[in-house]
Every structure is written in structure tokens, then in C-alpha cells.
S.K.: 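Got a structure for you, questions after.
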Amino acid sequence: MKNDSLLLPDDALLAKFDRKSVTDAWTKFVAGDNSAMHQVRDEIVESWRRSAAFGLSAREHHAPHIGDASALENLLKNNEALIGATKNTWELLAENLLESESLVIVTDATGKMLDILGNIELVRAAANKNVAVGFDWSEGAAGTNAIGTTLALERPTITRTAEHYCESAKIWDCAAAPIRDLTDGEILGVLDIASVGELSTSHALGFAITAAKQIEHAVHSITLGQTIALLSWYRGIESRFQRFPTLLLDKKGRVIIANKQIYEALGSAPEKLPVDANEPVTPEGYNCEIEDVIRYEWTSEGSNAHDSSSWGGGIVILSLSAQDVRMVGNHSGATTRLTPPAFAHIATADPIFMECVDVAARMAQSHAPVLLTGETGSGKELFAAAIHASSRVSSGPYVAVNCGTLSKELAVSELLGYEPGAFTGASPKGHSGKFEQADGGTIFLDEIGELPSDVQVHLLRVLQDNVVVRVGGNNERQTNVRVIAATNRNLESEAEAGRFRMDLYYRLKVLNLGLPPLRERVGDVELLASRFIRRMHENYGLGIKTISQQLLHAMQNYHWPGNVRELHGVLERMYILSGNPTLTLQDLPDDIGQLVTNMQDSSPVDNARPNLDQIEADAIRTALSQSSFSLSQIATQLGISRTTLYRRMKSYGIERP
């Protein structure tokens with residue numbers, strides 16, 4: 001966590017403050033003249049520039065209000081702990097601030113005012129100048145000011161009268177400090193001391209920092225009390241969930257407790273889950289799904305009550321889903337294979353595609369080039385992103401380039417960059433290429449087979465020597481880039497025909513992975529369709545629609561030339577246009593409807609390849625036949641809840657032993 005006491009403004013610069021000089025510089029700046037910027041502190045100049053970039057009118061703009069009574073109610077409700085922690089703040093500062101006609105202002109983490117403390121007459125007068133609860137004083141809304149600039153810089157700041165960007169705010173002398181969460185350092189809000197007179201800036205800033213620290217400790221005490229209440233509640237009911245992977249989360253989604261089943265299933269526990277729309281969600285790429293949530297409801301007094309309008313912490317039960325734990329029944333028993341987290345969003349029940357995931361996960365551990373091959377829409381982009389996310393350079397940039405969109409004339413400069421004046425229309429500052437931008441990370445060269453042969457020569461040198469020479473220059477720039485390429489072409493045939501350099505082909509295919517088309521993954525059609533429809537419900541809100549067995553059978557017979565991308569497009573069209581809760585053959589687009597109808601009788605589904613239900617049913621039967629454990633223990637072994645196990649046994653007609 002940042003130590004704000006080490007990030008104070010320079011007292012020497014503040015001592016030089018001259019209102020007339022700063023006003024003159026501001027007047028010129030607003031008119032487009034930067035000649036007097038040396039008369040203004042650097043942090044104020046940068047803030048003026050940000051304010052101008054926001055499009056604010058320096059002479060006419062005023063801080064806006066957030067909206068109606070409902071918006072104000074939500075603002076205050078979402079910041080109850082912070083507001084409660086400020087109760088004694090005025091008493092702490094009043095003796096030192098009363099004579100200076102100062103106000104103490106508390107805002108949330110976005111600069112919206114939550115409380116105004118001070119002399120009642122001064123508070124009323126300030127309200128006429130848009131200093132009141134509900135007004136937004138972030139830089140983007142109100143220009144340069146102590147509150148907004150403190151949030152922008154994440155440290156204490158002072159803004160004198162003339163230093164404000166908007167003319168309407170130039171009556172205020174302000175000193176502000178961030179209020180942080182003592183647990184993780186996240187900024188919760190701002191404490192601002194504002195005066196219409198002259199502040200003793202160094203003292204005012206010291207007061208602001210002291211008061212902010214006092215509020216931080218008060219918030220921490222409130223949060224600690226809530227955590228103790230959560231723990232007490234959890235201890236009373238944890239036995240109901242002890243056989244399932246379970247997390248106890250606080251209001252911010254931070255993990256307070258992860259039970260042993262979490263570690264047995266995943267090997268480690270997350271530190272935090274995002275809270276979206278008052279509901280915890282799993283992070284992108286995390287290899288688990290949320291199966292159930294048990295809320296702990298709060299009132300403003302902190303007692304347990306039924307109020308489902310906001311997330312107040314609670315229990316999250318995780319489920320190892322079909323795409324995350326692969327359970328394949330065979331004669332020797334069920335085996336469990338955990339997908340690496342970065343690959344968890346690649347849904348499949350197909351053994352061949354599962355093997356592709358395993359191979360890609362092993363490839364990710366190397367820095368060697370990877371060549372992904374497969375038809376358009378078969379998932380090459382997903383695999384490339386997952387390989388990067390699982391690699392040693394995952395913290396570095398991920399730069400994707402569609403080589404098919406690069407013109408012959410600009411391809412080299414786009415990939416390698418160019419020096420100033422390298423060609424007509426070139427930027428006078430020059431430009432870095434995609435390889436430089438990907439330095440320390442991964443570059444994904446999609447449709448690599450589309451690159452012109454003369455561009456391939458330049459690419460080969462980058463791969464061999466790890467250096468980039470910009471167009472129009474001679475300087476060699478060292479790069480450290482993981483290269484992943486992809487194509488729907490047969491590059492070996494292209495090389496034999498002279499359309500692709502053989503030496504580049506061999507350099508790219510150090511690690512080569514071919515992805516099967518969707519028509520060879522019949523069991524995945526149902527799995528993917530189910531996932532896509534859930535996402536469409538989230539995006540469009542038209543409900544979770546089901547697919548009729550006749551339509552599913554037809555979709556499994558269709559050859560899907562556009563692969564997963566085409567499947568998604570067809571389902572999206574049907575989901576939006578159908579007014580029924582069940583999608584049928586009649587909902588298929590005309591261009592493929594007749595095709596799949598004709599295929600139904602002539603091309604039955606290959607029953608030799610099990611679909612997702614068959615795989616899951618076999619895994620459950622194998623676990624039941626080979627185990628003397630209770631159903632709860634078997635459910636844990638299979639990575640599902642006991643309720644889910646009961647439901648699926650009934651669905652598959654499996655009798656309890």
C-alpha cells in the first residue's frame with residue numbers, strides 16, 4: 001500500500017504560489033497559449049490538460065449532480081460504512097478549522113460527495129456553489145480540483161484558488177487526501193478540506209491526511225466487525241456445505257475462508273471473486289463455475305435481515321463444470337483431468353479436442369514458436385490467447401495481428417515499425433511496430449499464410465535473431481517476443497508450391513497443433529449451444545431457451561463449414577427471432593434449414609462417439625460401482641454438488657446402490 005506521507009506536494013513550489021501569475025497562465029492556456037506554463041506547478045498543468053481533454057468549458061462548466069433521488073439513495077446506501085466512519089471527523093478538526101471558515105468534505109472513490117461537515121451557515125452557502133451531497137467533483141466532471149486530482153494521482157494534493165480549471169471553482173482553497181482500505185490499499189474515497197479564505201496549505205494538508213487516517217481506521221473497525229459477524233454466521237451452518245468446494249466472501253468479494261475441498265479440487269484458492277450487479281461471479285479464465293450462492297443479508301445497523309438488494313457477503317459453492325473437469329468412463333475406471341485455468345473457457349466433451357487442450361497447455365510452458373492450424377472458426381484465436389495466459393510471459397502484452405488485413409505496402413512497417421520520414425505520410429515521430437509493442441509478451445500472427453513473400457523475409461529475421469530494424473532505419477532493436485501463428489491453409493503445400501517460404505514454415509512449426517473442425521466433435525454441439533444460449537440470455541435478457549431434440553439432432557448432422565463461429569451465429573439469430581421458449585427446426589435460417597432437413601434421414605448421428613450426457617452418465621455409473629463412499633463423497637469426487645448428483649442420476653435413470 002502506498003505511504004501517502006511520502007507523496008506530499010513540494011512545499012517549495014507551493015510557497016511560490018502567486019495568484020496573479022497562475023491566473024495569467026490559466027487565461028493563456030484556455031486561449032490555447034502554453035507560454036506561461038512554467039509559472040504553474042507541473043501536477044496542475046497536467047491536470048489542466050486532462051480537464052481540457054475531457055471537453056470541459058473552463059469558463060462555463062459547473063460540477064454536475066449525479067441525478068434523481070433514487071441515484072442519490074443508492075450512492076449513500078453503497079457507502080454506508082464510509083459515511084458512518086466520518087461521524088467524529090468534524091470534532092477532530094473543528095478547533096483548528098472554525099476560524100478559517102473551512103468545510104470538511106467526504107467523497108466516494110469516484111469523487112461524488114457523500115457528506116459536508118462544518119458551520120451550518122457555510123454548509124448552506126456552499127450548496128449554492130455545487131458543494132453538496134450528490135455532486136460529482138471528479139476531474140472528468142469538474143476539472144482540476146483537490147478531490148478529483150487526488151483521485152487521479154492517488155496521493156494527497158493541494159489546489160489553490162487560481163489553480164482550479166473551471167472558473168466557477170476558483171473561490172476555493174483545498175487540501176485533500178485519499179481514504180484507503182487498510183486491508184488491500186484500495187481507495188475508498190477522499191477527505192477534502194475546503195475554504196473560501198486562504199488555507200495554511202501545509203497545515204491543512206496535514207489535517208486532511210490525519211483525518212483520512214482516522215476514517216481509515218474507523219472503516220477498518222466497521223469492516224472487522226462485519227467480518228466477525230460473517231464468520232460467526234458461517235460457523236453455525238458450515239457443516240451443511242463441508243463436502244463441497246466452498247468460499248466465504250466479504251462484501252467486496254474477498255475470500256475470508258476457503259475450505260479444504262477447494263484446495264483438493266483446485267490446488268489453490270482465489271484471493272477474491274468479482275462482484276457484478278450485486279452478485280459474485282467467477283473471473284474470466286478461472287477453472288470453476290459458481291453452482292450456488294447463500295447470501296448473508298445486512299441492515300444498516302449490521303444485524304442479520306432479509307435484504308436481497310445488495311451483496312453483503314456470504315457463501316459461494318463452486319462446481320467443477322463439464323468443460324473444467326473432464327470425466328471419461330472406460331473399462332479401467334473414471335479418470336479426472338483438470339483443465340489449466342486459462343483454458344477453462346474452451347468448452348468441449350470431445351476426447352480429441354481435450355487432448356488438444358492438454359497439448360496446448362504443455363506448449364505454453366515453452367518459449368518456442370507455436371503454429372496453430374485448422375479451419376476458420378475452429379478456435380485458433382481462443383487457443384492462442386489461452387497459451388499466452390498460461391505462459392511465463394502472461395504478465396506481458398498480448399498483441400494480435402490479422403495478417404490477412406495487412407496490405408503489401410504497409411505490412412512491413414506495421415509489423416516492424418518505421419523511423420521518422422521513412423515514407424510519404426509517415427509520422428514525423430516514427431512509429432513502433434507490433435513486435436516492439438509485444439516485447440516481453442506474445443504476438444499472435446493470425447492468417448500467417450496471407451503474408452506476401454517479401455514480408456516473410458523480414459519476419460524470418462525477427463524469429464531467427466530476435467531483433468527488429470524499423471523501416472527507414474539501421475538500428476537493431478532487441479526484442480523478446482513469444483510468437484504464435486495460425487492459419488487455415490496447408491503451409492507445407494503452400495511452401496512446396498512456392499507461395500510460402502519453406503524456411504519460415506519450419507521456423508514457425510517448432511510446436512504445431514492442428515484443431516479438429518466442429519463436424520468431428522459431434523458431442524460438443526449440445527455443450528456449446530447450451531453455453532451460447534446462457535450468454536445470450538445475459539446479453540439480451542430473452543430467457544433461457546431450450547433446443548428441441550429434433551433440432552439438436554439436425555444440428556449434430558450439419559457439417560458446419562464455419563465451425564463454432566457459424567454455430568454461434570445461427571443460434572444467436574434463432575434466439576433473437578424466435579418468440580417461443582423452445583427452438584425448433586422451423587427457427588433455422590433458410591440458407592441452412594433445407595440442408596439439415598435433407599441430412600436428417602441420410603446422415604444419422606454417429607453413435608459411436610459419445611455425447612456429453614453419455615460421458616457424464618458413464619462417469620457417474622463408474623464412480624458408483626467402484627466406490628463404497630456416500631453419495632456426498634462421490635459428488636465431491638466428481639466435482640459436483642450432491643443436489644446436482646441426485647438430479648443427474650434421476651435424469652439418466654441411474655438407481656441408487
Side-chain angles (χ1 to χ4, degrees), residues 363-373 380-381 383-385 387-389 391-489 491-492 494-513:
M363 288 178 171
Q365 305 310 307
S366 166
H367 201 65
V370 172
L371 177 62
L372 302 173
T373 59
K380 299 186 292 296
E381 300 92 339
F383 271 77
I387 290 172
H388 166 73
S391 71
R392 291 175 292 176
V393 296
S394 59
S395 60
Y398 177 74
V399 178
V401 183
N402 188 330
C403 299
T405 64
L406 300 178
S407 66
K408 181 177 181 180
E409 295 75 17
L410 296 179
V412 177
S413 61
E414 184 72 15
L415 292 173
L416 307 185
Y418 59 83
E419 298 290 358
F423 49 85
T424 302
S427 168
K429 296 181 180 180
H431 185 68
S432 62
K434 298 299 185 183
F435 272 90
E436 286 184 65
Q437 294 168 22
D439 190 31
T442 300
I443 188 168
F444 173 47
L445 301 173
D446 197 11
E447 304 300 343
I448 187 73
E450 308 297 327
L451 275 183
S453 57
D454 51 348
V455 180
Q456 296 173 24
V457 177
H458 295 276
L459 179 58
L460 181 61
R461 186 185 178 193
V462 177
L463 292 174
Q464 289 178 334
D465 303 332
N466 295 321
V467 296
V468 168
V469 178
R470 292 184 179 182
V471 174
N474 297 310
N475 293 333
E476 293 186 346
R477 302 169 188 266
Q478 199 73 29
T479 61
N480 179 25
V481 180
R482 170 71 180 275
V483 177
I484 303 175
T487 182
N488 60 2
R489 295 189 179 191
L491 288 190
E492 186 171 5
E494 293 288 302
E496 291 173 352
R499 291 186 293 269
F500 197 86
R501 292 185 63 94
M502 187 67 77
D503 47 5
L504 177 59
Y505 168 62
Y506 285 127
R507 184 64 188 137
L508 288 171
K509 67 164 290 188
V510 175
L511 299 175
N512 188 15
L513 178 62

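It should be emphasised that the depicted structure is a prediction, and the values quoted were computed from it without experimental measurement.
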S.K.: If I take atom OG from residue Ser391 and atom CE from residue Met363, how far apart are they, to the nearest 0.5 angstrom?
M.R.: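 Rounded to the nearest 0.5 Å, the OG-CE separation comes to 14.0 Å.
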
S.K.: Would you say Asn474 has more than 12 foreign heavy atoms packed within less than 6.0 Å of its CG?
M.R.: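 At most 12 heavy atoms, drawn from other residues, nucleotides or ligands, come within 6.0 Å of this atom.
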
S.K.: Apply the test side-chain contact (heavy atoms from CB on, under 4.5 Å) to residues Asp446 and Glu381: give CA-CA distance (whole Å), side-chain angles for both, the deciding distance (0.1 Å), then the verdict.
M.R.: CA-CA 8 Å; Asp446 197 11; Glu381 300 92 339; 3.6 Å; yes

S.K.: Would you find a donor on one side and an acceptor on the other, under 3.5 Å apart, between the side chain of Tyr418 and the backbone of Val412?
M.R.: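 Pair absent, no side-chain N/O of Tyr418 close to backbone of Val412.
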
S.K.: Would you please test Leu511 and Leu513 for side-chain contact (heavy atoms from CB on, under 4.5 Å) and show each step?
M.R.: CA-CA 7 Å; Leu511 299 175; Leu513 178 62; over 6 Å; no

S.K.: Any chance you could measure Gln456, atom CD, to Asp503, atom CG, to the nearest 0.5 Å?
M.R.: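 Reported value, rounded in 0.5 Å steps: 8.5 Å.
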
S.K.: Identify the two heavy atoms, one from Leu410 and one from Ser413, that lie closest to each other, and give their separation to 0.1 Å.
M.R.: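 Result for this residue pair: O-OG, 3.0 Å.
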
S.K.: Using the rule given for side-chain contact (heavy atoms from CB on, under 4.5 Å), can you reason through Leu504 versus Leu451, listing the C-alpha separation, both sets of side-chain angles and the distance that settles it, and then say yes or no?
M.R.: CA-CA 11 Å; Leu504 177 59; Leu451 275 183; 5.7 Å; no

S.K.: May I ask you to decide if Ile387's main-chain N or O and Arg482's side chain share a donor-acceptor pair within less than 3.5 Å?
M.R.: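 It does not hold such a pair.
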
S.K.: Can you give me the closest heavy-atom contact between Cys403 and Leu445, atom names plus distance?
M.R.: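 Distance-wise, the nearest heavy atoms are SG-CB, 4.0 Å.
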
S.K.: Quick one: are His431 and Gln437 in side-chain contact, heavy atoms under 4.5 Å?
M.R.: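 In contact.
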
S.K.: I'd like to know whether Glu436 forms a salt bridge (charged side-chain N to carboxylate O under 4.0 Å, His left out) with Arg470, so could you lay out the CA-CA distance, the side-chain angles of the two residues, the decisive distance to 0.1 Å, and finally the verdict.
M.R.: CA-CA 10 Å; Glu436 286 184 65; Arg470 292 184 179 182; 2.8 Å; yes

S.K.: If you look at every heavy atom in Asn466 and Gln478, which pair is closest and at what distance?
M.R.: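 The pair with the smallest heavy-atom distance is O-NE2, 3.4 Å.
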
S.K.: Do Val370 and Lys509 come within less than 4.5 Å of each other through their side chains, counting heavy atoms only?
M.R.: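 Of all side-chain heavy-atom pairs linking Lys509 with Val370, none is under 4.5 Å.
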
S.K.: Thr373 and Lys380: which non-hydrogen atoms are nearest, and at how many Å?
M.R.: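 Scanning both residues, the minimum pair turns out to be C-CD, 4.0 Å.
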
S.K.: From Leu416 CG over to His458 NE2, what is the distance, rounded to the nearest 0.5 angstrom?
M.R.: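 If I round to the nearest 0.5 Å, the distance is 7.0 Å.
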
S.K.: Please round to the nearest 0.5 Å and tell me the distance separating atom OG of Ser366 and atom CZ of Arg392.
M.R.: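 Those atoms lie 6.5 Å apart.
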
S.K.: Can any side-chain N or O of Glu419 pair as donor or acceptor with the backbone N or O of Gly473 at less than 3.5 Å?
M.R.: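 Flag not set: sc Glu419 to bb Gly473 has no pair under 3.5 Å.
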
S.K.: Please find the pair of heavy atoms, one from Asn402 and one from Thr405, that lie closest to each other, and give the distance.
M.R.: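 Minimum heavy-atom contact is O-OG1, 2.8 Å.
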
S.K.: For the pair Val481 and Val393, evaluate side-chain contact (heavy atoms from CB on, under 4.5 Å) and give the outcome as yes or no after the intermediate values.
M.R.: CA-CA 9 Å; Val481 180; Val393 296; over 6 Å; no

S.K.: So, Glu447 and Arg489, do they make that salt bridge, N to O below 4.0 Å?
M.R.: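 A salt bridge is absent here (no side-chain N lies under 4.0 Å from a carboxylate O).
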
S.K.: Can you give me the closest heavy-atom contact between Thr479 and Phe435, atom names plus distance?
M.R.: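 Smallest heavy-atom distance, with atoms named: CG2-O, 4.4 Å.
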
S.K.: Any side-chain heavy atom of Ile484 within less than 4.5 Å of one from Thr442?
M.R.: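 Contact flag for Ile484/Thr442 side chains = yes.
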
S.K.: Kindly compute the distance separating CG (Leu371) from OH (Tyr505), expressed to the nearest 0.5 Å.
M.R.: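 One finds 7.0 Å between CG of Leu371 and OH of Tyr505.
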
S.K.: Less than 4.5 Å apart, side chain to side chain, heavy atoms only: is that true for Leu460 and Arg501?
M.R.: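 Yes. Closest side-chain heavy atoms under 4.5 Å.
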
S.K.: CG/Leu508 to CG/Leu491 distance, rounded to the nearest 0.5 angstrom?
M.R.: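 Reported to 0.5 Å precision, the distance equals 7.5 Å.
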
